[in-house]
Protein chains: 2
Amino acid sequence: MTEATPARRRPPTIHDVAREAGISRGTVSRVLQGGHNVSPEALKAVNAAIRKTGYVVNRHARSLVTQRSDSVAFLLTEPQTRFFEDPNFNQLLRGCTTALAKHDIPLLLMIAGTEEERRRIGRYITSGHVDGVLLVSSHSGNPMVELLDEARMPVVACGKPLGHTSTTPYVAADDNEGARAMVRYLLGTGRRRIATITGPLDTPGGVDRLNGYRETLAEAGLPQDPALVAEGDYSRAGGEAAMTALLAAAPDLDAVFVASDLMADGALAALEQAGRRVPEDVAVGGFDDSTIAANTRPALTTVRQPWDRISAEMVRVLQSLIAGEPPASVILPTELIVRASA
Amino acid sequence: MTEATPARRRPPTIHDVAREAGISRGTVSRVLQGGHNVSPEALKAVNAAIRKTGYVVNRHARSLVTQRSDSVAFLLTEPQTRFFEDPNFNQLLRGCTTALAKHDIPLLLMIAGTEEERRRIGRYITSGHVDGVLLVSSHSGNPMVELLDEARMPVVACGKPLGHTSTTPYVAADDNEGARAMVRYLLGTGRRRIATITGPLDTPGGVDRLNGYRETLAEAGLPQDPALVAEGDYSRAGGEAAMTALLAAAPDLDAVFVASDLMADGALAALEQAGRRVPEDVAVGGFDDSTIAANTRPALTTVRQPWDRISAEMVRVLQSLIAGEPPASVILPTELIVRASA
DNA sequence: CTGAAAGCGCTTACAG
DNA sequence: CTGAAAGCGCTTACAG
């Protein structure tokens with residue numbers, strides 16, 4: 001209150017740099033673009049002038065002429081609570097932010113929870129305020145997918161978007177093979193009555209992991225018993241409920257493959273409640289290797305999703321899309337992490 | 001691959017709207033600014049033209065002349081892993097995103113984990129690419145605080161920044177009173193050997209909650225026993241370790257006030273390990289009322305931080321700062337949530 | 001390799 | 001209340 005607040009000075013412009021370097025603004029700009037067609041002396045003078053003036057490019061001015069925003073939206077379309085409780089979400093968000101930062105591209109976080117938000121965000125995105133979209137949504141029939149597709153927006157999804165005619169490129173872990181690895185491991189430890197708690201069956205992780213489970217049992221010559229399959233919703237409470245249901249339907253189960261760590265944590269609670277020891281009576285395998293996996297009791301044997309690679313690939317694919325290259329999806333291998341629960 | 005990709009059409013400009021409405025671009029712009037000094041007929045014609053053309057303002061062009069970016073940075077300066085595991089972080093991030101969205105202001109997520117990131121982000125922010133900063137950092141001596149202060153950047157912190165000469169405005173829950181309410185509650189249930197697991201003592205939540213604990217015991221005429229105080233680090237593992245240490249130092253404790261739910265969850269594990277029943281032998285009180293509080297066993301009695309209000313207030317204060325109003329911090333009341341653990 | 005100039009899409013005094 | 005015009009800070013053909 002006592003000190004006068006000096007107005008923030010206007011930052012130096014390309015004009016200041018040009019004057020300082022004693023050359024034209026066009027040449028300064030050329031240096032900024034990579035220094036092609038610029039003499040070594042000019043290059044040197046400009047760089048010195050930039051350092052001296054503390055020049056930083058004005059992105060608005062640049063964007064106005066290039067018609068690119070050099071920014072990217074990270075768009076959440078899931079019902080809000082779900083994803084904001086999911087430890088995977090944080091890893092993905094952090095990974096994408098970091099990967100983009102390396103290219104000096106800011107990430108705009110957008111949450112399209114309500115219909116109104118969807119409209120506003122749709123308008124914002126399709127008006128050229130971002131160059132592309134990192135799309136996070138797992139449930140099928142997401143209206144944003146169609147909208148973005150029609151607007152010809154470069155989009156890459158996290159996980160294969162289900163229930164669309166459009167073919168949005170995506171990046172995902174190999175859900176099927178991850179599930180197979182886990183079930184093979186459980187079989188290898190002598191388990192024969194292996195149950196599963198799936199993710200929602202309108203999500204790729206729900207479907208593909210269930211298929212991996214089924215195929216592996218079939219290959220081992222084991223029967224498909226409907227009593228051994230329960231659908232969860234990726235929440236802890238959902239995992240607990242599903243486990244309770246499984247114990248009622250198939251009291252003789254000796255293992256359970258759970259399609260997410262969070263649900264597995266809930267399953268552990270249900271098993272404890274039922275007086276089953278883990279892993280002695282029932283082996284429990286999770287999926288994700290999220291931050292909670294090492295903290296469950298017992299610590300969770302699980303399938304690691306390579307979130308660092310997933311987010312890095314999402315950014316890479318999106319940038320290639322923005323550059324006009326044709327789309328391509330990528331599937332990344334998972335890794336079995338053995339701890340105490342199986 | 002088979003279909004030709006039509007180039008994205010250039011969006012309509014203010015010029016298209018003006019032509020459509022049969023008036024000048026200046027008047028269109030005035031309508032966009034709120035419609036002051038515009039005749040009802042012109043207003044109507046412009047609005048119709050906007051609808052017809054599907055016009056959306058080009059923010060880059062606008063920012064270029066207004067020298068404002070109409071965007072805000074959400075800046076994380078904590079060692080990355082810490083905050084990305086903290087359930088509070090998600091609530092804060094979601095709340096801020098939603099509150100800003102109502103003003104049509106995008107949130108740019110920035111993570112300043114490494115020294116290099118700090119430098120790059122500092123340059124980005126102080127170059128006018130954002131109008132203000134929502135700062136998340138709890139540990140004292142954060143170098144970004146000084147930097148932003150020198151650059152005269154509008155910034156509001158989540159929680160009082162410690163160890164700075166600058167007086168960055170902040171928004172926080174009433175940590176002291178929240179701790180008092182919990183300890184009073186524990187006293188009210190007859191507990192007399194009440195321990196505490198604090199947050200890091202270079203964070204406001206660490207200090208203020210400890211003070212609230214101490215003051216309440218003193219007011220009740222109880223002695224201050226150093227054996228009843230252990231410092232945690234806001235992590236689950238830290239809570240577990242601290243609880244184990246407390247049990248060794250003060251085996252007769254009958255309650256523990258833990259400065260975060262995550263640490264309380266760890267404390268519950270340690271208590272179970274030690275064969276102490278909760279709440280019969282030891283009452284456990286947490287802090288935050290984060291998403292995990294209802295899922296611990298037993299469910300956690302805790303102090304709710306009003307994250308929705310905190311994030312809404314952070315956005316409000318930041319906007320008033322951007323508008324040139326003088327700074328003001330705000331302290332929000334907490335609420336005691338009684339569940340099963342105490 | 002370099003400079004002069006046009007233009008990106010807006011806002012905002014300034015006259016009227 | 002309205003239009004003409006200047007200008008925000010860049011990039012990019014175009015000549016040379």
Side-chain angles (χ1 to χ4, degrees), chain A residues 7-47 49-50 53-71 104 124 126-129 131, chain B residues 7-47 49-50 53-71 104 123-124 126-131:
Chain A
R8 260 181 290 156
R9 249 192 341 208
R10 280 218 169 177
T13 72
I14 208 174
H15 189 244
D16 301 314
V17 176
R19 193 174 36 204
E20 178 70 33
I23 42 89
S24 77
R25 284 146 49 197
T27 300
V28 174
S29 182
R30 269 172 224 119
V31 171
L32 261 29
Q33 305 309 312
H36 307 300
N37 294 350
V38 174
S39 68
E41 307 88 69
L43 186 68
K44 218 173 120 189
V46 169
N47 281 139
I50 287 176
T53 56
Y55 172 77
V56 176
V57 69
N58 181 322
R59 289 172 172 241
H60 299 304
R62 171 181 286 174
S63 291
L64 186 54
V65 14
T66 60
Q67 302 284 320
R68 283 181 298 107
S69 71
D70 291 320
S71 66
D104 222 45
Y124 187 91
T126 58
S127 302
H129 294 316
D131 297 335
Chain B
R8 261 181 289 155
R9 248 191 344 207
R10 279 216 171 179
T13 73
I14 207 174
H15 189 244
D16 301 314
V17 175
R19 192 174 36 206
E20 178 69 32
I23 43 89
S24 76
R25 285 146 50 198
T27 300
V28 174
S29 182
R30 269 171 225 120
V31 171
L32 260 30
Q33 303 311 310
H36 307 301
N37 295 351
V38 174
S39 67
E41 307 86 70
L43 186 68
K44 220 173 119 187
V46 169
N47 281 139
I50 286 175
T53 55
Y55 172 77
V56 177
V57 68
N58 180 322
R59 291 172 170 241
H60 300 304
R62 170 181 286 173
S63 291
L64 186 55
V65 14
T66 60
Q67 302 284 318
R68 282 181 299 109
S69 71
D70 290 319
S71 66
D104 222 47
R123 206 171 347 127
Y124 187 90
T126 59
S127 303
H129 294 316
V130 297
D131 296 336

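Chain A is the first sequence line, chain B the second, and so forth, proteins listed ahead of strands; every chain is numbered from 1. Treat the numbers as computed from the prediction; the structure is a model and nothing was measured.
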Given C/dT11, is OP1 or OP2 found less than 4.0 Å from the side-chain N or O atoms of B/Gln33? yes
Closest listed nucleotide, where the reference is the side chain of A/Val57 and the choices are D/dC10, D/dC1, C/dC10: D/dC10
It should be established whether A/Thr13 places a side-chain nitrogen or oxygen under 4.0 Å from OP1 or OP2 of nucleotide D/dG9. no
Using atom P of each nucleotide, how far apart are C/dT2 and C/dA6 to the nearest Å? 22 Å
Specify the separation, in whole Å, of atom CZ of B/Arg59 and atom P of C/dG9. 17 Å
Does D/dC1 have OP1 or OP2 sitting under 4.0 Å from an N or O in the side chain of B/Ser39? no
Residue of the set B/Val56, B/Ile50, B/Thr53, B/Asn58 for which side-chain contact (heavy atoms from CB on, under 4.5 Å) holds with B/Pro12: B/Thr53
In the structure I gave you, are the side-chain heavy atoms of B/Asp104 and B/Arg59 within less than 4.5 Å of one another anywhere? yes
Rounded to the nearest Å, what distance is computed from the CG atom of residue A/Asp16 to the C1' atom of nucleotide D/dC10? 13 Å
Looking at side-chain heavy atoms only, is the closest gap between A/His60 and B/Arg68 below 4.5 Å? no
Whole angstrom value for the distance that separates P of D/dT11 from CZ of A/Arg68: 10 Å
P atom, D/dG9 versus D/dA13: distance in rounded Å? 23 Å
Between A/Leu64 and B/Thr27, who's closer to the 5' end of DNA chain D by nearest nucleotide? B/Thr27
Contact between A/Val31 and A/Val17 at the side-chain level, heavy atoms closer than 4.5 Å - yes or no? no
Closest to the side chain of A/Val65, out of C/dG3, D/dC10, C/dC10, is D/dC10
Would you indicate what A/Asn58 reaches in the nucleic acid, counting non-hydrogen atoms under 4.0 angstrom: base, sugar-phosphate, or nothing? sugar-phosphate
Can you tell me how far P of C/dC10 sits from CZ of B/Arg19, to the nearest Å? 13 Å
Suppose we define a pair by two distances each less than 3.5 Å, Watson-Crick or G-U wobble; what does C/dA13 pair with here? none
If you assign each of B/Ala61 and B/Glu41 to its closest nucleotide in DNA chain D, which residue comes earlier from the 5' end? B/Glu41
A/Asp70 CG to D/dC10 P, in whole Å, measures 14 Å
From the list C/dT2, D/dT11, C/dT12, which nucleotide is the closest neighbour of the side chain of A/Thr66? D/dT11
A/Lys44 vs A/Asn47 side-chain heavy atoms within contact, under 4.5 Å: no
Among C/dC10, D/dT2, D/dT11, the one nearest B/Arg25 by side-chain distance: C/dC10
Integer-rounded Å distance: D/dA13 P and A/His36 NE2: 14 Å
Just the rounded figure in Å: distance from P of C/dT12 to CD of B/Gln67. 11 Å
